[in-house]
Amino acid sequence: MNPRKGTVMGDLAQKPLLEKAPTTHAALLAWVEEVAELTQPDRIHWVDGSEEEYTRLTDELVAAGTLTRLNPETFPNSFAAFSDPADVARVEEQTYICSEKERDAGFTNNWMAPAEMKQKLRGLFAGSMRGRTMYVIPFVMGHLDAEDPKFGVEITDSAYVVASMRIMANIGTEVLDKITATNAFFVPALHSLGAPLEAGQADVPWPCNPDKWIVHFPEERSIWSFGSGYGGNALLGKKCYALRIASVMARDEGWLAEHMLILKLTSPEKKNYYISAAFPSACGKTNLALLDPTIDGWEVETLGDDITWMRIGKEGELRATNPEAGLFGVAPGTGWGTNPNAMRAIAKGHSIFTNVALTDDGGVWWEGMTDEVPAHLTDWQGNSWTPDSDKPAAHPNSRFCTPISQIDMLAEEYYSPEGVELSAILFGGRRKTTVPLVTQARSWTNGIFMGSTLSSETTAAAAGQVGVLRRDPMAMLPFIGYDAGDYLKHWISVSGKANPERLPHIFLVNWFRRTADGGFAWPGFGDNARVLKWAIERLEGKADAVETPIGFVPAGHSLDLTGLDLTHAHVEDAVRVDREEWEAELASIEEWYAKFGDSLPEALRAELDALKERMADHS
């Protein structure tokens with residue numbers, strides 16, 4: 001079956017492929033045939049998702065030098081991958097939303113006319129899988145037995161992607177059988193490394209292409225990704241489908257696809273509360289999802305660390321589910337001291353690490369993993385490393401990819417197709433000043449205002465400059481699949497379908513506020529449970545708050561400081577609203593809102609005007 005040996009690819013597709021394909025789904029077979037003719041693979045493999053298949057693929061990846069097998073005693077059935085140094089993060093400047101109308105992509109997205117982009121992509125994908133295997137991965141985001149399961153099929157020429165998708169989503173034969181049996185719609189997600197091999201040409205451990213394109217066609221619900229083998233650029237069920245394409249589906253179908261964790265908080269009285277929270281990358285989202293509380297009697301379980309789909313339930317409540325099956329967390333900063341729950345899940349193995357450092361005994365290490373830094377490592381680029389080295393051992397955006405089922409604190413509700421009712425939603429950024437430790441919104445619309453103006457210093461998760469302040473509405477800036485103003489209008493309209501008494505309360509948090517001497521104003525990590533406790537007590541009418549122009553902040557005595565070397569004055573300082581800082585902030589928000597033009601919801605403009613008035617009266 002080698003097109004270079006005279007086989008006509010159309011014949012290959014129509015006869016052996018269609019005869020052997022494990023499905024009769026006409027649209028899927030037609031798409032696979034079309035892609036095979038375009039990309040010219042040597043072989044086609046329908047992914048079944050089995051353990052045997054995973055073992056064979058990872059063995060092949062080890063032999064190819066793409067994966068390094070880790071010490072089975074310390075990291076069973078686990079591997080480390082090391083990417084090309086030019087393929088280490090999302091490429092936001094090459095990520096496109098190609099809606100039919102440019103206006104529908106909005107100012108937050110790159111846009112090109114769909115026909116023009118398709119022509120460009122077809123040129124890039126032509127012959128791009130030559131010399132490689134084309135893998136067909138049927139997958140479902142969320143539960144296979146959900147009322148409305150969301151299917152996808154990723155075609156890729158990367159076995160690393162297949163192995164990672166097996167951790168991150170429900171894939172394989174069972175999914176394909178349901179797609180076939182129900183003649184289901186699926187999102188076609190096409191991925192190529194863009195690194196064809198000619199006959200006899202040696203491969204490289206991490207094939208990729210300098211020309212990278214991550215493209216979404218929202219009206220036809222399709223994804224094309226070219227040139228990158230890294231994370232969210234290549235695992236197309238993740239950000240590309242579960243956020244960018246799903247956000248458009250959600251707009252059209254009346255739900256929300258959000259960049260949020262979900263956690264379950266149980267009080268000493270054994271009452272359960274479910275909280276979702278949106279944070280930009282590397283702002284502590286996974287640490288909060290896997291929180292180890294430092295206050296007696298409160299328990300935390302997790303339902304997800306990254307993506308949340310929310311729908312209005314039968315009684316007007318807002319229900320949340322996690323559509324993913326794995327954790328794809330930023331490794332640096334995740335450690336035994338800061339996030340022992342994540343570390344315990346990772347220590348069970350069955351994980352794929354990317355761009356971390358290797359220890360001399362066949363394990364992995366990254367900055368923040370342990371208090372003690374190893375005397376010697378092999379860094380993510382294969383160089384000998386010691387604590388005296390002037391570069392970090394692990395890339396700042398290095399990752400662990402681990403099955404969510406390995407989390408000891410996984411809530412049983414994770415497996416419930418209908419999800420959980422939310423009590424609260426948190427929006428959190430990374431700000432050294434201005435934004436208090438925690439602020440309760442005055443209303444649902446005021447909470448949407450908080451989310452729409454969320455701001456954070458940029459991180460290594462996106463390629464580009466680090467430390468620049470950027471507005472990041474609902475932490476969705478890189479992931480909104482349509483116009484950002486329409487997205488905010490959709491948030492407001494979804495709440496119109498809910499029972500107002502059942503809507504979650506909204507809070508703005510900032511774990512990263514600094515004191516006058518430059519230290520952190522709040523210890524963070526497990527102590528963030530104290531902030532969650534205050535939020536829940538606010539819902540129950542039990543905790544005191546001080547009204548400020550921006551919302552309600554804790555009274556000095558109302559945060560539980562038991563066991564902490566902090567005073568009520570420390571709390572008051574951490575939640576102080578400084579008029580001078582906020583005058584600058586209001587000017588910055590005005591500048592931000594101007595970018596929305598006519599699509600900014602009037603309700604949010606009214607919120608900003610009201611905040612200005614309140615701030616003018618604030619001494």
Looking just at side-chain N and O atoms, do Asp305 and Thr286 make a donor-acceptor pair shorter than 3.5 Å?
-> yes
Donor-acceptor pair, Thr108 side chain versus Ala484 backbone, under 3.5 Å?
-> no
So does Glu220 pair up with Lys118, basic N to acidic O under 4.0 Å?
-> yes
Can you check whether Trp213 and Tyr96 have ring centres sitting under 6.0 Å from each other?
-> yes
Carboxylate-amine/guanidinium proximity below 4.0 Å for Lys178 and Asp145 = no
Minimum side-chain heavy-atom gap Ile97-Arg244 below 4.5 Å = yes
Do Ser228 and Asp87 meet the criterion of a side-chain donor-acceptor pair at a distance under 3.5 Å?
-> yes
Using the ring of each side chain (for Trp, its six-membered ring), is Tyr241 parallel, tilted or perpendicular to Trp309, with breaks at 30° and 60°?
-> tilted
Do other residues, nucleotides or ligands put more than 12 heavy atoms under 6.0 Å from the NZ atom of Lys120?
-> no
Pairing of Glu147 and Arg311 as salt bridge, 4.0 angstrom limit | no
Pair Arg319 + Glu418, salt bridge at N-O below 4.0 Å = no
Do the charged groups of Lys285 and Asp306 touch, with an N to O distance under 4.0 Å?
-> yes
Please confirm whether Phe596 and Phe107 have ring centers closer than 6.0 angstrom.
-> yes
So, are Asp483 and Arg251 salt-bridged, with charged N and O less than 4.0 Å apart?
-> no
Taking it one step at a time, do Phe125 and Phe226 satisfy ring pair (Phe, Tyr, Trp, His ring centres under 6.0 Å)?
-> CA-CA 8 Å; Phe125 275 89; Phe226 180 86; 5.4 Å; yes
Heavy atoms, side chains only, cut-off 4.5 Å: are His191 and Trp224 in contact?
-> no
On the 0 to 90° scale, with breaks at 30° and 60°, tag the Trp31-Phe186 ring pair as parallel, tilted or perpendicular.
-> tilted
Take the angle between the ring planes of Phe353 and Phe75 and call it parallel below 30°, perpendicular above 60°, tilted in between.
-> perpendicular
Verify whether one side chain among Glu53 and His45 offers a donor that lies under 3.5 Å from an acceptor in the other.
-> yes
Using atom types as modelled and distance alone, determine if a side-chain donor or acceptor of Glu413 lies under 3.5 Å from a backbone N or O of Val420.
-> no
Under 3.5 Å, is there a donor-acceptor pair between the side chain of Asp472 and the main chain of Leu477?
-> yes
Please check if the side chain of Ser398 supplies one atom and the backbone of Ala331 the other of a donor-acceptor pair under 3.5 Å.
-> no
Backbone of Leu193 reached by a side-chain donor or acceptor of Asp157 within 3.5 Å | yes
Would you kindly check if the NZ (Lys) or CZ (Arg) of Lys150 is within the cone defined by 45 degrees around the ring axis of Phe139 and under 6.0 Å from the six-membered ring centre?
-> no
Check the surroundings of atom CD in Gln201: do more than 12 heavy atoms from other residues, nucleotides or ligands lie under 6.0 Å from it?
-> yes
Checking Thr133 side chain against Tyr135 main chain: does a donor-acceptor pair fall under 3.5 Å?
-> no
Side-chain donor-acceptor contact under 3.5 Å, Ser128 with Thr39 | no
Is a side-chain donor or acceptor of Ser158 paired with a backbone partner of Thr156 at a separation under 3.5 angstrom?
-> no
Check: Pro22 and Thr173 side chains under 4.5 Å, non-hydrogen atoms = no
Backbone of Trp206 reached by a side-chain donor or acceptor of Thr66 within 3.5 Å = no
Is it true that Asp486 and Lys489 make a salt bridge, defined as a side-chain N closer than 4.0 Å to a carboxylate O?
-> yes
For Tyr230, which of Leu235, Asp84, Val161, Asn397 qualifies under side-chain contact (heavy atoms from CB on, under 4.5 Å)?
-> Asn397
Using atom types as modelled and distance alone, determine if a side-chain donor or acceptor of Lys239 lies under 3.5 Å from a backbone N or O of Gly232.
-> no
Under 6.0 Å from the CD atom of Glu73, do we count more than 12 heavy atoms belonging to anything else shown?
-> no
Is there a donor in the side chain of Tyr414 and an acceptor in the side chain of Thr302, or the other way round, less than 3.5 Å apart?
-> no
How about His216 and Cys240: do any of their side-chain heavy atoms sit closer than 4.5 Å?
-> yes
Is a donor on one side and an acceptor on the other found under 3.5 Å between the side chain of Asn355 and the backbone of Ala80?
-> no
With distance as the sole criterion, is a donor-acceptor pair present between the side chains of Thr334 and Asn339 under 3.5 Å?
-> no
